[in-house]
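To start, the structure itself, in structure tokens.
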Amino acid sequence: MNDEERRAELAESLRAVRQRLDAACAAAGRPAGDVELLAVTKTFPARDVALLTDLGLTAFAENREQEARPKVAELAELRPDAAPRWHVVGQLQRNKARSVARWADVVESADSPRLVEALSGAVRNAWDAGERTRPLEILVQVNLDEAAGRGGCAPAEVPALAELVATKGELDLRGVMAVAPQTTPADVAFDTLSLIAGRLRREFPEAGVISAGMSGDLESAVAHGSTRVRVGTALLGGRRLISP
Ligand SMILES: *Cc1c(COP(=O)(O)O)cnc(C)c1O
């Protein structure tokens, strides 16, 4: 498929996703455009990200540092004027903090004090080395699964983790992120998240982001106050499975 064909395909799916978002906002009595669209570009090439910037998207998310780092660099070559914002949404190992501090604008998957310490130190180093000028935005990832899931801290751990982030000058606490567990209806999970987010916002008024909702459950997330949906499949198509 050449660039023009792929661009047309992406334009069509973007229109469909925006329509779903507008309808979800209307159904929830929220203004259209109330919810940010974050394109999850994992497993897709930098060319697709470039075409999405041509279509007006400015925020992209990746879940693996090894894949993201070269993609970020490639996009900067393909679209030097695009100035996209990159989000990390996957489980992040502390030894990847250094790399992430160089290219990420937001880490949505902060889920332990040790990771927060590593990110804060890494951003400090990147500042000192002139590799970065702005704080790293942080969302606390909440695990809404009864069983310990892959990533996210327990709801009870959110306040202390948020407090720690807030003490770091290199980090900007912005809100919460969650993935609806497969074992719980999405409405129940997102309702719980909204309560957790409300409590956090009372303590930290600037931490109002609720990153919730993916291709399959964005309507439910918007109904429960999501301010940012993370959409991969519905925009870019099906992902081929890749080994970790
Ligand atoms: C892959 C991924 C998404 C996007 O999922 P889709 O179902 O493809 O829209 C959202 N959030 C996280 C954390 C992801 O890993």
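When a ligand or atom number is given, it counts from 1 through the structure's own listing order.
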Flag the pair [X] / [Y] as yes when at least one side-chain heavy-atom distance between them is below 4.5 Å, and no otherwise.
{"X": "Arg85", "Y": "Val106", "result": "yes"}
{"X": "Pro159", "Y": "Phe204", "result": "no"}
{"X": "Val49", "Y": "Lys71", "result": "yes"}

Heavy-atom gap Arg239 to ligand 1 smaller than 4.0 Å: yes

If you have a sec, work out which protein heavy atom is nearest [atom] and how many Å separate them, to one decimal?
{"atom": "atom 3 (C) of ligand 1", "answer": "Met214 SD, 3.7 Å"}
{"atom": "atom 9 (O) of ligand 1", "answer": "Ser215 OG, 2.5 Å"}
{"atom": "atom 14 (C) of ligand 1", "answer": "Lys42 NZ, 3.0 Å"}
{"atom": "atom 11 (N) of ligand 1", "answer": "Arg230 NE, 2.9 Å"}

Those atoms of ligand 1 less than 4.0 Å from some heavy atom in Val231: 9 (O)

Check: Thr233 N/O within less than 3.5 Å of ligand 1 N/O: yes

From His87, Glu36, Arg228, Glu108, residue fulfilling side chain to side chain donor-acceptor pair (under 3.5 Å) relative to Ser211: Glu108

Option nearest atom 13 (C) of ligand 1 (shortest heavy-atom distance, choices Leu236, Leu235, Val89): Val89

Heavy-atom neighbours of Glu5 CD exceed 12 at 6.0 Å: yes

Residue pair Asp145 / Thr183, side-chain donor-acceptor N/O under 3.5 Å: yes

